[in-house]
Amino acid sequence: MMTDFETRFVEARKKLIRSDFPDLNPRQLEAVMATEGPLLILAGAGSGKTTVLINRIANLLKYGRASDSNELPPYADEEMLRAIEDGGSDGRSAAALEPVAPWRILAITFTNKAAGELKERLERQIGPEANDIWACTFHSACVRILRRDAEKLGFPSDFTIYDSSDSQSLIKHIVKDMELDEKTFSHRAILAEIGAAKDAQIGAAAYLNEARRSGDKRKIHMGEIYSEYMRRMFAAGAMDFDDLIFFTVKLLLENDEVCAYWQRRFQYVLVDEYQDTNHLQYLLAKTLAGGWENICVVGDDDQSIYKFRGATIENILSFESEYKSCRTIRLEQNYRSTGNILEAANAVISCNRTRKGKTLWTDHSTGEKLQLYYAGNEHEEAEYVASTILSAYGKGGHWRDNAVLYRMNAQSNQLEYAFKRSGIPYRIFGGTRFFDRAEVKDVLAYLCVINTPSDDLRLVRIINNPPRGIGARSVEIAQELASEQGSSLCAILRRADEFPSLSRAAIRMRELANLIDELHRMSAETGPDLLLDEVLARTGYLRMLEEKNTVEDTTRAENVRELKSAILGYQKESGDNTLSGFLADVALYTDLDNYDRDADSVVMMTMHAAKGLEFPRVFIVGMEEGIFPGQRAIGEPEEMEEERRLCYVAITRAREHLHLSCARQRMIFGRTNAYKPSRFVDEIPEETLEKKNEKRGYGYNSYGDDYESGRRAGYSYRRSGGERPRPQKTPPLAPSQSAAAAVSYAEGDRVEHKAFGTGTLTKMTPMGGDFLIEVQFERVGVKKLMLRIAAQNMKKLD
DNA sequence: CGCACCACAATTTTT
DNA sequence: TTGTGGTGCG
């Protein structure tokens, strides 16, 4: 039983702490104050969860567990209580109850970007102290833990990290060496299977045993591949992404001391995007938090869209039964979107069965209705998007306020063309990332080999690149020699002239080995930036690119130089000047996308990639059965729910304007198919939707005479031999109108464009049945546009 | 050994 | 349609 004084003290203390977070809503405040024990925060889209995370950490650093405890400090007295009630700075320090040291806090996110943002915002709010907080990704946390104790697992503490393409090529080599059929054993399937095994904590030996017991041929082969994969990884002192977590968990579970060390250290563990964790990650978080049991997970079961890579929604759904004393807080107030957008999002997601149940609300106004555009095909759809963006820009928006989201990267093409034709600057996110580009990987492979000459996998990659006369056969022989002698490939290269079988290539091999050794020695005293220069010069790699002189090779050369700025950036950020440090970091750093974040251009990306982002105006294209939801999800209830969550994520990216579009027919992978509008469209309440072009896009008439009249602006013009479209009364977007109008333009005309303003048409070049025009605009300078598209958004001035 | 040509498959993707 | 990987020829 608490005494009256105690009650007053605790209440006053809570009141004071609360007053320190005036900008939070009641639910957010509750989440910030609930510091002790397991806590599940179900944070809807746009509900300010990062704010909560940051303030929660701030609270811990400042007040310790005071906001969530009935405990009094040892010397609590009336005077102290008065100070707290007054709320001055004395009161604030009196209110604290063992403030938490920053290094006792572990905040785990999924992406480097999220971790970086967290760190940045923490530093801004809390100050330099924030640097000692472990705000990192699962993988980088594991690396830090493993660097300390990898030897206990038999790995060198400077183990290298293989990224997925390294893993992939290793698998390829193994499948080849084992002479298995590469069709039945696709790299993808194997890696998925190995990943799943690791996720279930099944090591290679256990897997193989189990496979042998089952007698399943395929499984046995799979087990053999798995074992060989792990053997070679171990021999190379390498871990892949899954291993980082797998081995960390193993380390913690098998070494009581190590486990106790970390458990004692991490007094508070926070996990962001908890719905995206897989079983191993869950286990890791649980284990690390095992000492103090102060585990706070933040997530949204409705935004779980990564099942395909192992995330299990179960983690979040069963958190409450896992931790009996758990408190659950729902953040349902949305600060991002208009009422209509939220209503649509709520309506769609409510069709799912497996969920915790949340309903977002907002005090924003209803806003404008969602626009649903029915297009005849993907060209029309793209032109609708382009045209809408031009209008918005013309009314004084920025390009970067617009995002176009699609289900598959393959859908980006038509949009890209439409943007090019219309003079809209755009950027595509996703696709091949910087560090995945061949030329960057090549150069990094050099650096890896220089750092660790026994890194056979990387050595094979660069052994004849640039071509130096070491052919595939010679490499094969050298590899055989290496495995016979149990030495590394590089060691064989050094002694190449001892092996008659290598005769022809021996000299070249020795030269390469010498180069590697020399650069290796140099790496001890030279920073990675200068070493890179040396590598580029001495290996002739840059020369090879420069000599080719094609457009691609110029960009490649640029990418290689860009790598140098990545190195310089690393050195500046970390203060570390070692090659091994940089390489360790690079393996975990996929994302150089952060460069020119402020560039003003329309953003294009998959819906997956858009998670966590927001834009004033969002287009969701390809709302068709078979595209979104994808063919694979149809008839699979679980998959369908995941697609629906994806739809929910996509819708909730929009702040003010949301445009959906579907096409009656679409060409994908070179084949044209007819599609019905997506079921998700039907799930959106009618009253929040404004349908546009329904008749023409999907109506009975759309394949009648309309079709021949130049509606398919992209190519039918040429097919119909320049035939003039029949005049018809059409809404402003109809391309037929533009085709008619296009004819009447000539060089020297004064024009007014709805986005770019007034200008003079300076040049007209016939191009594929259309014209490429150049217009000197007064406001935005020279633009190159395709006339047919431009004509929709432009009129002639007299 | 290097290049050109053909077959084939292709959600989504952080680390 | 696009990219990739394997094969065959000079």
Side-chain angles (χ1 to χ4, degrees), chain A residues 108-115 136-143 161-169 172 176 182-183 186-188 191-192 195 239-246 248 272-273 276-278 280-281 304-311 378 405-414 416-417 429-433 435-436 438 463-475 504-505 508 552 584-591 593 605-612 622 626-634 636 639 642-643 645-647 649-650 666-672:
Chain A
I108 309 179
T109 63
F110 263 84
T111 64
N112 293 305
K113 195 165 151 247
C136 50
T137 63
F138 272 104
H139 297 267
S140 60
C142 287
V143 172
I161 300 167
Y162 277 8
D163 70 16
S164 10
S165 57
D166 294 328
S167 306
Q168 211 178 14
S169 60
K172 268 183 223 165
K176 210 169 210 171
E182 294 178 34
K183 292 239 167 65
S186 79
H187 334 123
R188 246 178 145 224
L191 280 168
M239 293 193 204
D240 67 21
F241 289 133
D242 292 333
D243 289 337
L244 292 175
I245 299 181
F246 179 79
T248 304
D272 195 11
E273 305 283 11
D276 289 338
T277 50
N278 62 26
L280 259 191
Q281 289 163 332
S304 163
I305 54 174
Y306 285 112
K307 187 179 155 207
F308 68 90
R309 63 181 197 211
E378 72 277 10
L405 310 182
Y406 34 81
R407 181 65 239 268
M408 294 177 284
N409 286 118
Q411 286 171 262
S412 66
N413 267 334
Q414 289 307 321
E416 214 178 328
Y417 295 142
F429 285 82
T432 332
R433 280 182 307 274
F435 284 107
D436 281 340
I463 196 163
N464 197 34
N465 183 6
R468 50 171 70 85
I470 306 177
R473 183 72 197 127
S474 310
V475 176
R504 237 178 306 166
R508 308 307 195 122
E552 288 99 0
D585 211 56
V586 124
L588 294 178
Y589 236 94
T590 40
D591 205 32
D593 291 294
M605 62 177 97
T606 64
M607 300 178 200
H608 281 91
K611 201 173 103 182
I627 303 288
F628 184 46
Q631 198 56 56
R632 285 175 170 77
I634 293 172
E636 306 279 327
E639 301 286 318
E642 177 125 331
E643 295 281 292
R645 289 193 291 270
L646 185 57
C647 185
V649 168
R666 173 184 303 276
M667 184 168 68
I668 212 113
F669 302 138
R671 220 167 269 287
T672 303

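Chain letters run A, B, ... following the sequence lines, proteins first, then strands; residues in each count from 1.
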Is the shortest side-chain N/O distance from [X] to OP1 or OP2 of [N] below 4.0 Å?
| X | N | value |
| --- | --- | --- |
| A/R309 | B/dT13 | no |
| A/N409 | B/dT13 | yes |
| A/T606 | B/dT11 | no |
| A/N112 | B/dT15 | yes |

Open item on the list: For a quick check, tell me whether the side chain of A/S164 and the base of B/dT15 share a donor-acceptor pair closer than 3.5 Å.
Closed with: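 A donor-acceptor contact between them is present.
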Open item on the list: In the structure I gave you, are the side-chain heavy atoms of A/Q411 and A/I668 within less than 4.5 Å of one another anywhere?
Closed with: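 Side chain of A/Q411 against side chain of A/I668, heavy atoms only: contact under 4.5 Å found.
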Task: A/A609 side chain, from C-beta outward: closest of B/dG2, B/dT13, B/dT15 - done: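 Looking only at heavy atoms from C-beta outward on A/A609, the closest nucleotide is B/dT13.
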Task: Donor-acceptor pair between A/S167 and A/S164 side chains, under 3.5 angstrom - done: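 Note: A/S167 and A/S164 side chains miss the donor-acceptor criterion.
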TODO: Determine, stepwise, if the pair A/K611 / A/D276 fulfils salt bridge (Lys or Arg N to Asp or Glu O under 4.0 Å).
DONE: CA-CA 12 Å; A/K611 201 173 103 182; A/D276 289 338; 2.4 Å; yes
Provide, to the nearest angstrom, the distance between the [atom1] atom belonging to [X] and the [atom2] atom belonging to [N].
| X | N | atom1 | atom2 | answer |
| --- | --- | --- | --- | --- |
| A/D276 | B/dT15 | CG | C1' | 13 Å |
| A/R407 | B/dT12 | CZ | P | 7 Å |
| A/N278 | B/dT15 | CG | C1' | 11 Å |
| A/D272 | B/dT14 | CG | P | 16 Å |
| A/L244 | B/dT14 | CG | P | 16 Å |
| A/R188 | B/dC8 | CZ | C1' | 15 Å |

TODO: Answer with base, sugar-phosphate or nothing: what part of the nucleic acid does A/N464 contact at a heavy-atom distance below 4.0 Å?
DONE: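 Sugar-phosphate only.
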Task: Member of A/E639, A/H608, A/R632 meeting the side-chain contact (heavy atoms from CB on, under 4.5 Å) criterion with A/F308 - done: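 Considering A/E639, A/H608, A/R632, a side-chain contact (heavy atoms from CB on, under 4.5 Å) with A/F308 is found only for A/H608.
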Could you pull out the protein-nucleic contacts involving nucleotides 1-10 of chain C (nitrogen or oxygen on both sides, under 3.5 Å)?
none

Task: Pairing residues for A/R309 by the side-chain hydrogen bond (donor to acceptor under 3.5 Å, both in side chains) criterion, not counting sequence neighbours - done: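 Testing A/R309 for side-chain hydrogen bond (donor to acceptor under 3.5 Å, both in side chains), a comparison that skips the adjacent residues, returns none.
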Open item on the list: List the residues meeting salt bridge (Lys or Arg N to Asp or Glu O under 4.0 Å) with A/D163, not counting sequence neighbours, and say none if there are none.
Closed with: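 A/D163 satisfies salt bridge (Lys or Arg N to Asp or Glu O under 4.0 Å) with A/K441 only.
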